[in-house]
Amino acid sequence: MTVAEPESVSREQVSAAHLRLRMGSIERRVAAAVERRRHRDTEPDDPFRGLHISPTKADEILEARPIPEINADADEDVAAIEQWADTIPDSASALRLRSLEGAFDLDRAETELLLIALAPDVDARFEKLYGYLNDDVTRRRATVGLAFELLGMSTFDPGSRHRLSTAGALVGRGLLLVEDVDRPFLGRTLRVPDRVTSFLLGDEEHERELGRLVDDMAPDLHSASAALARAVASGTRLCYVHEVAGSSGRTTALASIAFTSVGRFAVDLTRLSALGAAETVALMRQAVVEARLRWSVLVAGPVDALVDRSLDAIAVLADSGWPAVLYGSVTWEPRWARAVPFQTDAPVPDGEQRGRLWSSALRRRDAATANGHLAALLEGTNAFHLTQPQIDRAVESAFLVATAENADLASRHLQAGARLQNAAGLEQRATRIEPRADWGDLVVPMDVSRQLSELAGRARHRDQVLGGWRMGGRSVRGRGITALFAGESGTGKTLSAEVIAHELGLDLYVIDLSTVVDKYIGETEKNLDRIFTEADRVNGVLLFDEADAIFGKRSEVRDARDRYANVEVAYLLQRMERFDGLAVLTTNLRANLDESFTRRLDVLVDFPAPDRDARLALWRMHLPAHLPQADELDLEFLADRFSLSGGNIRNICLTAAFLAADDGEPVTMKHLIQGTGREYRKLGRLTLESEFGRYHALVPERPVS
């Protein structure tokens, strides 16, 4: 066979010409087989041909030779075609069939088997020809036995059968499907997946379900890991990037590969739809096939999405034999795969790197807006320990909100977008509060206010001090901050936590202790560990109200329960040290806290009961000017006579406002005294005339039971 010299045409045209030539050699094999059938056919005019087997046909089958003849002419065609292909510049990449052969490590016979199975999908004539050769008009694809016959392969040769087993390159790597498995092996049908066919024909589109997972993020190159880049460049088959709090395995993997000369094909497993285990495994096989077709490193994660869904899906990615970089927040389990991965931790961006990520994301979204007042926009974003994907989403969300408000982009929009990136898992165990209170709403002594301001400063500058200045040393403790607010109920502990969260632009998460404390041994410990695990994934202030209920003073060991309770406390203290966020714990009884716990605190703030001046300020704050109120209000009397906390005063003012509204008049001293009497009864105090003085007669009488 003579093949024309390649003309000056596009790579795709040359690739298509090569495929057509190879399919032509398959047609010659089929034509020769048809000719052999015709010469041996004893019933050429049988109208029921392919629908039944007559006695004469049965005799013909018994007399047939078990080993088919070899078509030497077709083999010569293939040799000539491939000799021509060798003249194509960069033929290994320019010709899609050759590219596929290299990526899947196919030999000549395996390629021929693939083309035989492919024929009906690219030329409809082969459907009828295969139906004739199969002696069954309903079977219009090549069977295993027919493929062996066309290639002159012995059905008794284990090597031939191996090529079409799951251990072979064709079936095992997803290039060929062997269907009708309930039939005998030689009667099973061969089919090429549609994506492989479309690739050979020049199509770059993925399958729709896989396309939903494709991740085309452009990574920040400063997030790369030199060790991972070297591992990928050296041809390491499997790498695993472990995500720690504040890091992104996805960004690290993509950025590291960008430093190498290899391509990447990335899938985001968080976008997996509600597929069953079998469908998930099939989709992961498609991802590996796509990476091979593109000669690209497969990047997939987080594997957390597969752990509870299908461990087989992880094995498909890890044991494919094709270079893969997987990532996730879970520790790699050796039982997941036979392959041993190169493992590394994703680096946590420092404040400077996060600032650069914010700047880049803003410029990509709207360069003119970002460059105009970049410094002002970024003010307040340093408190959010976000990864590049989260920052990109936060910026997009900020622009959407600003557009909806018909306003220029501002720092508050970016902070709101950043808060939206918090994982929802913690909200199942805590109440999320968007803080609104600021320093003007807080009435505390000057010393307490100064300590709270210092606490906010710790949170704001911890990256600079612990990271930039390296004051964290080599301690295994995290970069988190733990503060204890101690004082009587209503002295402003919870409000102070809200003010600090507002100052930092973060959400406040109030832990519901009823979801934590458990009567069964070990369950409280597990519940709290789950809370801290989820808290590592959010940017917020964590508030444990009444912390002494959990971190109680370790008791003297009298029985096994006491011994285990002490073990629980010791574990929880260590877990808090590894927490990377800001945790605020409140207690009414500081003396109940374990001493080893207090030593581990970064900040301890005592909230005293308000003195006379503080109480007067609280009365004035909770009776704002816009509230209708009589001129007779004697707030100095209230501040002098009643030793109440801020929370109590707030309750009294609220009760007085409701009483005044019910009476249809402004708030008067009568309403305030009545509210005070009701608050005293809630506190279990007596409403003595010595305290209430001339207003004692206004105190409502206790109802008779």
Side-chain angles (χ1 to χ4, degrees), residues 220 222-223 244-247 347-359 361-362 373-388 390-391 394 410-412 414-419 421-422 435 437-440 442 444 446-485 496-509 532 535-543 576-585 599-605:
D220 174 68
H222 293 88
S223 303
V244 295
S247 70
V348 179
D350 57 23
E352 181 180 349
Q353 288 174 315
R354 290 198 302 275
R356 185 169 53 250
L357 292 174
W358 280 103
S359 301
L362 284 166
H373 48 289
L374 192 58
L377 284 174
L378 296 181
E379 183 178 354
T381 59
N382 63 336
F384 294 92
H385 288 211
L386 300 179
T387 62
Q388 181 189 352
Q390 291 174 318
I391 289 174
S411 178
R412 64 183 178 86
L414 292 178
Q415 291 185 26
R419 286 195 296 271
Q421 306 313 308
N422 285 340
D438 56 23
W439 295 107
L442 197 59
V444 292
M446 184 62 68
D447 179 59
V448 173
S449 179
R450 185 168 54 251
Q451 290 184 74
L452 295 176
S453 180
E454 291 173 359
L455 176 59
R458 273 180 176 256
R460 190 180 298 109
H461 302 298
R462 60 176 174 164
D463 282 334
Q464 178 182 354
V465 173
L466 300 179
W469 294 353
R470 300 180 182 178
M471 292 298 291
R474 298 180 178 273
S475 173
V476 296
R477 289 191 58 174
R479 295 190 177 190
I481 301 169
T482 304
L484 176 68
F485 294 172
S496 295
E498 183 179 346
V499 168
I500 290 175
H502 182 272
E503 172 74 8
L504 298 173
L506 303 174
D507 285 335
L508 179 67
Y509 290 87
F532 279 113
D536 282 333
R537 302 171 57 202
V538 304
N539 287 269
V541 176
L542 203 61
L543 176 63
M576 288 192 64
E577 289 187 340
R578 301 197 307 272
F579 177 55
D580 272 342
L582 171 57
V584 177
L585 306 106
R599 286 198 303 271
R600 288 176 164 91
L601 295 171
D602 296 301
V603 177
L604 197 160
V605 183

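All heavy atoms count here, side chains included; hydrogens, waters and symmetry mates do not.
- Of the possible polar contacts, one joining the Gln353 side chain to the Asp350 backbone as a donor-acceptor pair under 3.5 Å is found.
- Between Asp602 and Arg458, some side-chain heavy-atom pair lies under the 4.5 Å cut-off.
- Residues Asp447 and Arg450 have side chains in contact (heavy-atom distance under 4.5 Å, counting atoms from C-beta outward).
- The shortest distance between side-chain heavy atoms of Leu582 and Leu504 falls below 4.5 Å.
- With contacts defined as side-chain heavy-atom distances shorter than 4.5 Å, the pair Ser449/Leu442 does not qualify.
- Two residues are said to be in side-chain contact when any heavy atoms from C-beta on lie closer than 4.5 Å; Val348 and Asp580 fail this criterion.
- Rounding to the nearest 0.5 Å gives a distance of 8.0 Å between CG of Leu506 and CG of Asn422.
- In this structure, the side chains of Leu455 and Ile500 come closer than 4.5 Å at one or more pairs of heavy atoms.
- Shortest non-hydrogen contact noted between Thr482 and Leu585 is CG2-CD1, 3.4 Å.
- Scanning both residues, Ser247 and Pro349, for their nearest heavy atoms gives CA-CD, 4.4 Å.
- Separating the CG atom in Asn539 from the CG atom in Leu386 is a distance of 5.0 Å, to the nearest 0.5 Å.
- Val605 has its side chain out of reach of Val444: every pair of non-hydrogen atoms, C-beta onward, lies at least 4.5 Å apart.
- Taking 4.5 Å as the limit, some side-chain heavy atom of Arg462 sits within range of a side-chain heavy atom of His385.
- To the nearest 0.5 Å, atoms CD (Glu379) and CG (Leu414) are separated by 11.5 Å.
- The shortest heavy-atom contact between Ala483 and Leu601 is C-CD2, 4.4 Å.
- The two atoms that bring Leu508 and Pro435 nearest to each other are N-CD, 4.1 Å, heavy atoms only.
- Atom CZ of Arg460 sits about 7.5 Å away from atom OG of Ser453, to the nearest 0.5 Å.
- In this structure, Phe384 has no ring-ring contact (aromatic ring centres under 6.0 Å, His included) partners at least two apart in sequence or on a different chain.
- Residues passing the salt bridge (charged side-chain N to carboxylate O under 4.0 Å, His left out) test with Asp507 are Arg419, Arg432, sequence neighbours excluded.
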Exercise for the section: Using the side-chain contact (heavy atoms from CB on, under 4.5 Å) rule, take Trp358 and Leu377 through it: C-alpha gap first, then chi angles, then the decisive distance, then the call. Expected result: CA-CA 10 Å; Trp358 280 103; Leu377 284 174; over 6 Å; no
Practice task
Would you please test Arg356 and Asp220 for side-chain contact (heavy atoms from CB on, under 4.5 Å) and show each step?
Solution key: CA-CA 9 Å; Arg356 185 169 53 250; Asp220 174 68; 4.2 Å; yes
